[in-house]
Enquirer: 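Mind having a look at this structure? Questions to follow.
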Amino acid sequence: MIGIFDSGIGGLTVVKAITERIPGYDIIYFGDTARTPYGNKSPETVIEYAVQDTTFLLNNGAKIIVMACNTASSVAFDIIEKRFDAPVFEVITPAAELALESSRKMAIGVIGTRATVKSGIYEKKIKALNPGARIYSVACPLLVPLVEEGWIDRPETAMIVKKYLHPLKVRQIDTLILGCTHYPLLKHVIQRKIGKRINIIDSSTGVAGKVEKFLKERPDIDSLLSKNGKTRIFVSDVTDQFAKTARVTLKQNVLLEHVKI
Ligand code: DGL
């Protein structure tokens with residue numbers, strides 16, 4: 001199975017991207033709904049949670065791990081990669097690469113959680129690939145709770161998005177990275193507020209391409225993955241709201257399995 005985790009609902013945007021890109025692979029998902037959001041927590045806490053999330057997935061049949069969370073990817077990837085034998089994927093590098101491919105002016109905006117923005121990971125990755133690029137980052141701590149709450153099309157959410165994007169509008173960016181896997185659920189609102197000429201890069205789609213390429217190059221690992229087209233979704237707290245938003249995200253009925261990790 002492909003093991004995928006996030007603090008909550010956001011990683012389902014990665015599940016969707018992976019099942020669309022490489023259909024048929026069995027997926028085991030863990031959403032840490034009892035402890036969401038991760039983005040306002042310290043790196044130490046996020047690392048501890050990421051280790052537990054990965055351990056749960058590996059103990060339950062995952063053979064590769066996708067950290068479908070920018071926050072965990074930004075502060076815990078190196079540790080997770082060293083600590084576990086399984087191949088591990090993060091969502092930051094593919095989004096940084098796609099942004100550089102898309103940007104003509106090399107002026108790139110990034111929105112993410114406080115922890116992701118504070119880590120400076122997007123600046124580091126993008127500058128390593130193109131030192132001349134200008135990157136402007138804004139933390140948007142209210143967006144994850146709004147998405148978890150299902151407040152996708154509320155006028156209040158649109159107002160908050162507008163306020164967060166204001167500093168980026170004056171910077172003349174041409175590309176905006178959604179540096180949190182929850183944000184694709186607000187993509188239409190974000191696009192409306194940032195302007196239709198700005199190219200939006202979604203951190204959930206890039207990683208799907210990386211996983212596909214890796215599995216093509218590594219038939220030894222690919223052969224370890226079961227392929228019955230099944231997705232199991234585990235959460236650390238079952239809520240009606242998660243079930244509803246999961247249904248909307250995956251466009252199918254979902255069965256949530258409760259687990260304490
Ligand atoms: N979806 C996650 C991310 O990409 C986590 C958000 C949070 O829990 O704060 O950063």
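Just so you know, ligand 1 is whichever comes first in the structure, and atom 1 is the first atom listed for that ligand. Keep in mind the model is a prediction, meaning the values are calculated, not measured.
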Enquirer: Considering non-hydrogen atoms only, spot the tightest contact between Y122 and G179 and give its length.
Expert: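 Heavy atoms only, the tightest pair is OH-CA, 3.8 Å.
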Enquirer: For ligand 1, give me the residues whose heavy-atom distance to it is below 4.0 Å, by chain and number please.
Expert: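 These residues qualify: D6, S7, T36, P37, Y38, G39, C69, N70, T71, T113, V144, C180, T181, H182.
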Enquirer: Can you give the donor-acceptor pairs under 3.5 Å from side chains of residues 245-255 to other protein atoms, not counting sequence neighbours?
Expert:
| residue | atom | partner | partner atom | Å |
| --- | --- | --- | --- | --- |
| T245 | OG1 | Q241 | O | 3.0 |
| T245 | OG1 | Q241 | NE2 | 3.3 |
| T249 | OG1 | T245 | O | 2.7 |

Enquirer: Side-chain donor-acceptor contacts of residues 128-153 below 3.5 Å, not counting sequence neighbours, with atom names and distances?
Expert:
| residue | atom | partner | partner atom | Å |
| --- | --- | --- | --- | --- |
| N130 | OD1 | G132 | N | 2.9 |
| R134 | NH1 | Y136 | OH | 2.9 |
| S137 | OG | E123 | OE2 | 2.7 |
| E148 | OE2 | I9 | N | 2.8 |
| E148 | OE2 | H182 | NE2 | 2.6 |
| D153 | OD1 | H188 | NE2 | 2.7 |

Enquirer: What side chain to side chain donor-acceptor pair (under 3.5 Å) pairs are there with at least one residue in residues 202-213, not counting sequence neighbours?
Expert: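 For residues 202-213, and leaving out neighbouring residues, the side chain to side chain donor-acceptor pair (under 3.5 Å) pairs sorted by first residue read R21-E212, N70-S203, E97-K210, D202-S204, K213-E217.
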Enquirer: Applying ring-ring contact (aromatic ring centres under 6.0 Å, His included) to F89 and F77, what does each step give before you reach the verdict?
Expert: CA-CA 8 Å; F89 295 83; F77 173 71; 8.7 Å; no
Enquirer: Would you call the rings of F234 and F56 parallel, tilted or perpendicular, where under 30° means parallel and over 60° means perpendicular?
Expert: perpendicular
